[in-house]
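Each chain gets a letter, A, B and so on, in the order the sequences are listed, and its residues count up from 1.
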Amino acid sequence: MKATLVIYSAPISSRAPYAALQFARAWLAAGNSIERVFFYADGVHTGAASAAPPRDEFDAHCEWQSLAHDNSLDLVICIAAALRRGVCSAEEAARFQRPCHNLGEGFRLGGLGELVEASLNSDRTVSFGRHA
Amino acid sequence: MQLIIQRHPPYSGQAASESLDIALGFAVMDQDCALLFVDDGVWQLLREQAPETQKNLAKHFAALPMYGIEQSYCERESLAARGIIEDALIDGITVLDRAAVNALIARACGVFAL
């Protein structure tokens, strides 16, 4: 089966990126596929390469990056939600004349249409919010 | 039908408008979708809103049929728990009791709840 994952909440302030990662690992291990992982609302903070949690804590950014690398996952950060919250690619930083950018490798910015499209192409859309 | 559940109050962060954006995302791609207001999300439906520094959400909801979003639902129990009468709501909202809300969620092929 093919699933689209949506993550609505941020690392540190919620367990959503962690719960979603555990789900993704189990889902893939069971022989399923992932159409796209869409980070929306506060979930876009997962894309920030500038976060540096202590070594013994869960590093949502790096863990997602590594899972995506190993399984060729498409990690999309909602562009409108990200720009509001200071998660920015080099291209957008130049466009909006911001002094820095922090979108990590393995993540890309995209519009809500990519969530809609992925969801319609999937058997399941699984959401991870602030209560996850 | 894609169901977008609004359960956050207006004007206390971006959740209300970012939920609405998901609905509009489906609507512009000609997908059947509906909004459901539960819990503190029902505050978004009050007719009299006069935000000074944010967008007036109620005005956005009034425009939804233009985007092809014909159905908006609200849970009766959520209104009652907050002392909100149906007359205080904007037009075009179908009020459902909890059992009907559960059936609506069960019928949806996609559910999005921030």
Top contributor to chain A interface from B:Cys109, B:Ala113, B:Gly110 [non-hydrogen pairs under 4.5 Å] =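 Of B:Cys109, B:Ala113, B:Gly110, B:Ala113 has the most heavy-atom pairs under 4.5 Å with chain A.
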Select one option (side chain, backbone, both, neither) describing which atoms of B:Val111 are under 4.5 Å from chain A's heavy atoms.
->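 Backbone of B:Val111 only, per the 4.5 Å heavy-atom cut-off to chain A.
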Which bit of B:Ile22 comes within less than 4.5 Å of chain A, counting heavy atoms only: side chain, backbone, both or neither?
->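 Contact with chain A is through both the backbone and side chain of B:Ile22.
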More than 12 non-hydrogen atoms from neighbouring residues, nucleotides or ligands closer than 6.0 Å to [atom1] on [X], yes or no?
X	atom1	result
A:Glu91	CD	no
B:Tyr11	OH	yes
A:Glu57	CD	yes
B:Tyr67	OH	no

Give a yes or no on whether B:Leu3 and B:Phe37 share a hydrophobic cluster (residues Ile, Leu, Val, Met, Phe, Trp, Tyr; joining criterion: side-chain heavy atoms under 4.5 Å apart).
->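 B:Leu3 and B:Phe37: separate clusters.
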Segment of A:Arg124 engaging chain B (4.5 angstrom heavy-atom cut-off) |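 When you check distances to chain B, no heavy atom of A:Arg124 falls under 4.5 Å.
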Of all the heavy-atom pairs spanning B:Asp21 and A:Leu112, show the shortest one and how long it is.
->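 For B:Asp21 and A:Leu112, the tightest heavy-atom pair comes out as O-CD1, 3.3 Å.
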Side-chain donor or acceptor of A:Tyr40 paired with backbone N/O of B:Glu18 under 3.5 Å =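 Pair found, side chain donor or acceptor close to backbone of B:Glu18.
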